[in-house]
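Data first, discussion second: the structure below is written as C-alpha coordinates.
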Amino acid sequence: MNIDYRINYFKQIKDFYSLIFNTDYEVRPVHISLYMFLLNQNNRNNWVEWFKCPFDLAMAGACINSKNTYYKTLDDLQFFNLIEYEKGINLFKAPKIKILPIKEVSSVLNNDTLTEQVSVPQSEPQ
(Lines give C-alpha, C1' and ligand atoms only; values in the text may rest on other atoms or scores of the structure.)
Protein backbone atom coordinates (compact mmCIF):
# COMPACT_ATOMS: atom_id res chain seq x y z
CA MET A 1 0.00 0.00 0.00
CA ASN A 2 1.22 3.47 -0.85
CA ILE A 3 1.25 5.51 2.38
CA ASP A 4 1.03 8.77 0.38
CA TYR A 5 -2.26 7.57 -1.07
CA ARG A 6 -4.24 7.68 2.19
CA ILE A 7 -7.21 9.98 1.88
CA ASN A 8 -8.78 12.11 4.59
CA TYR A 9 -12.32 10.73 4.38
CA PHE A 10 -14.09 13.80 5.80
CA LYS A 11 -12.07 16.27 3.75
CA GLN A 12 -12.80 14.20 0.64
CA ILE A 13 -16.55 14.38 1.27
CA LYS A 14 -16.44 18.11 2.04
CA ASP A 15 -14.37 18.83 -1.07
CA PHE A 16 -16.67 16.60 -3.16
CA TYR A 17 -19.69 18.72 -2.27
CA SER A 18 -17.72 21.92 -2.86
CA LEU A 19 -16.78 20.56 -6.27
CA ILE A 20 -20.42 19.81 -7.05
CA PHE A 21 -21.52 23.34 -6.20
CA ASN A 22 -18.57 25.06 -7.91
CA THR A 23 -18.56 23.28 -11.28
CA ASP A 24 -20.93 23.00 -14.19
CA TYR A 25 -21.09 19.20 -14.01
CA GLU A 26 -24.60 17.83 -14.22
CA VAL A 27 -24.41 15.81 -11.04
CA ARG A 28 -27.46 13.72 -10.30
CA PRO A 29 -28.41 11.87 -7.10
CA VAL A 30 -27.18 8.60 -8.62
CA HIS A 31 -23.67 10.08 -8.95
CA ILE A 32 -23.65 11.16 -5.31
CA SER A 33 -25.04 7.83 -4.12
CA LEU A 34 -22.50 5.74 -6.02
CA TYR A 35 -19.56 7.99 -5.14
CA MET A 36 -20.44 7.89 -1.42
CA PHE A 37 -20.77 4.10 -1.60
CA LEU A 38 -17.37 3.80 -3.31
CA LEU A 39 -15.78 6.06 -0.69
CA ASN A 40 -17.24 3.85 2.02
CA GLN A 41 -15.97 0.69 0.31
CA ASN A 42 -12.47 2.10 -0.03
CA ASN A 43 -12.56 3.18 3.61
CA ARG A 44 -13.51 -0.39 4.56
CA ASN A 45 -10.53 -1.59 2.51
CA ASN A 46 -8.21 0.71 4.50
CA TRP A 47 -7.72 3.15 1.61
CA VAL A 48 -5.89 0.94 -0.82
CA GLU A 49 -5.05 2.58 -4.13
CA TRP A 50 -7.11 0.14 -6.24
CA PHE A 51 -9.94 -1.98 -4.90
CA LYS A 52 -12.42 -4.39 -6.47
CA CYS A 53 -16.13 -3.80 -6.12
CA PRO A 54 -18.59 -6.24 -7.70
CA PHE A 55 -21.31 -4.49 -9.68
CA ASP A 56 -24.15 -6.19 -7.77
CA LEU A 57 -22.78 -5.01 -4.42
CA ALA A 58 -22.25 -1.46 -5.71
CA MET A 59 -25.68 -1.37 -7.33
CA ALA A 60 -27.34 -2.50 -4.09
CA GLY A 61 -25.31 -0.08 -1.97
CA ALA A 62 -26.04 2.88 -4.26
CA CYS A 63 -29.70 1.90 -4.87
CA ILE A 64 -29.19 1.51 -8.61
CA ASN A 65 -31.50 -0.93 -10.40
CA SER A 66 -29.92 -1.09 -13.85
CA LYS A 67 -26.47 -2.27 -14.96
CA ASN A 68 -26.60 0.31 -17.75
CA THR A 69 -27.18 3.09 -15.22
CA TYR A 70 -24.39 1.73 -13.01
CA TYR A 71 -21.80 1.68 -15.80
CA LYS A 72 -22.97 5.05 -17.16
CA THR A 73 -22.58 6.53 -13.68
CA LEU A 74 -19.09 5.03 -13.34
CA ASP A 75 -18.20 6.58 -16.71
CA ASP A 76 -19.54 9.94 -15.54
CA LEU A 77 -17.57 9.80 -12.28
CA GLN A 78 -14.47 9.02 -14.30
CA PHE A 79 -15.26 11.93 -16.64
CA PHE A 80 -15.60 14.19 -13.56
CA ASN A 81 -12.08 13.01 -12.58
CA LEU A 82 -13.33 11.64 -9.27
CA ILE A 83 -12.42 8.01 -9.94
CA GLU A 84 -10.54 5.79 -12.33
CA TYR A 85 -11.83 2.34 -13.07
CA GLU A 86 -10.91 -0.69 -15.14
CA LYS A 87 -13.68 -3.02 -16.24
CA GLY A 88 -13.43 -6.67 -15.29
CA ILE A 89 -12.36 -9.02 -18.07
CA ASN A 90 -15.73 -10.76 -17.99
CA LEU A 91 -19.04 -10.73 -16.11
CA PHE A 92 -17.52 -12.74 -13.26
CA LYS A 93 -14.62 -10.36 -12.54
CA ALA A 94 -15.28 -7.21 -10.51
CA PRO A 95 -14.09 -3.88 -11.89
CA LYS A 96 -11.08 -2.26 -10.20
CA ILE A 97 -11.72 1.24 -8.89
CA LYS A 98 -9.40 4.00 -7.71
CA ILE A 99 -10.71 7.01 -5.80
CA LEU A 100 -8.83 10.11 -6.88
CA PRO A 101 -7.99 12.56 -4.10
CA ILE A 102 -9.87 15.81 -4.63
CA LYS A 103 -6.60 17.76 -4.62
CA GLU A 104 -5.95 16.20 -8.03
CA VAL A 105 -9.38 17.34 -9.17
CA SER A 106 -9.00 20.95 -7.99
CA SER A 107 -7.23 21.86 -11.23
CA VAL A 108 -10.67 21.65 -12.88
CA LEU A 109 -11.70 24.77 -10.98
CA ASN A 110 -10.44 28.28 -11.62
CA ASN A 111 -9.56 28.80 -7.97
CA ASP A 112 -7.02 26.68 -6.14
CA THR A 113 -9.04 25.99 -3.02
CA LEU A 114 -12.32 24.29 -2.46
CA THR A 115 -12.86 25.66 1.03
CA GLU A 116 -15.45 28.34 0.32
CA GLN A 117 -18.76 27.77 2.00
CA VAL A 118 -21.72 27.58 -0.35
CA SER A 119 -24.62 29.78 0.62
CA VAL A 120 -27.81 27.85 1.08
CA PRO A 121 -30.79 29.42 -0.66
CA GLN A 122 -33.46 30.39 1.83
CA SER A 123 -37.00 29.35 1.18
CA GLU A 124 -39.60 31.99 0.56
CA PRO A 125 -42.00 32.82 3.37
CA GLN A 126 -45.39 31.24 2.84
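The chain is numbered in sequence order, starting from 1.
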Checklist entry - Looking at NE2 of H31 and CG of L82, how far apart are the two atoms once the value is rounded to the nearest 0.5 Å? => result 9.5 Å
Next on the checklist: By the definition ring pair (Phe, Tyr, Trp, His ring centres under 6.0 Å), identify the one residue from Y35, F10, Y25 that meets it with F16.
Outcome noted: Y35
Next on the checklist: Evaluate E86 against I97 for side chain to side chain contact (heavy atoms under 4.5 Å, CB included), listing each step before the verdict.
Outcome noted: CA-CA 7 Å; E86 298 173 0; I97 298 170; over 6 Å; no
Checklist entry - Under 3.5 Å, is there a donor-acceptor pair between the side chain of S33 and the main chain of P29? => result no
Item to check | Donor-acceptor pair, side chain of N45 and main chain of V48, under 3.5 angstrom | outcome: no
Next on the checklist: Run the side chain to side chain contact (heavy atoms under 4.5 Å, CB included) test on L19 and F80 for me, step by step, so that the C-alpha distance in whole Å, both residues' side-chain angles and the decisive distance to 0.1 Å come before the verdict.
Outcome noted: CA-CA 10 Å; L19 185 73; F80 299 158; 5.8 Å; no
Item to check | Spatial distance of atom NZ (K96) from atom NZ (K52) [nearest 0.5 Å] | outcome: 7.0 Å
Item to check | Pairs involving residues 32-45, ordered by first then second residue, that meet salt bridge (charged side-chain N to carboxylate O under 4.0 Å, His left out) (sequence neighbours left out) | outcome: none
Next on the checklist: List the residues meeting salt bridge (Lys or Arg N to Asp or Glu O under 4.0 Å) with K87, not counting sequence neighbours, and say none if there are none.
Outcome noted: none
Checklist entry - Partners of Y9 by ring pair (Phe, Tyr, Trp, His ring centres under 6.0 Å), sequence neighbours excluded? => result W47
Item to check | Counterpart residues, side-chain contact (heavy atoms from CB on, under 4.5 Å), relative to T69 (two or more places apart) | outcome: V30, I64, S66, T73
Item to check | Chi angles and distances behind the side chain to side chain contact (heavy atoms under 4.5 Å, CB included) call for F37, C53 | outcome: CA-CA 10 Å; F37 178 78; C53 187; 3.8 Å; yes
Next on the checklist: By the salt bridge (charged side-chain N to carboxylate O under 4.0 Å, His left out) test, which pairs, at least two apart or in different chains, include something from residues 68-79?
Outcome noted: R28-D76, K72-D76
Checklist outcome for this item: dist Q12:CD -> N43:CG (nearest 0.5 Å) comes out at 11.0 Å
Checklist entry - What residues, two or more places apart in sequence or in another chain, satisfy side chain to side chain donor-acceptor pair (under 3.5 Å) together with N40? => result none
Checklist entry - What do the steps show when you test E84 against L100 for side chain to side chain contact (heavy atoms under 4.5 Å, CB included), and what is the final call? => result CA-CA 7 Å; E84 289 180 18; L100 298 176; 3.7 Å; yes
Item to check | Y85 backbone acceptor or donor facing Q78 side chain under 3.5 Å | outcome: yes
Next on the checklist: How close do E49 and K98 get, counting heavy atoms only, and between which atoms?
Outcome noted: OE2-NZ, 3.1 Å
Checklist entry - With M36, which of L38, L39, L34 fulfils side chain to side chain contact (heavy atoms under 4.5 Å, CB included)? => result L39
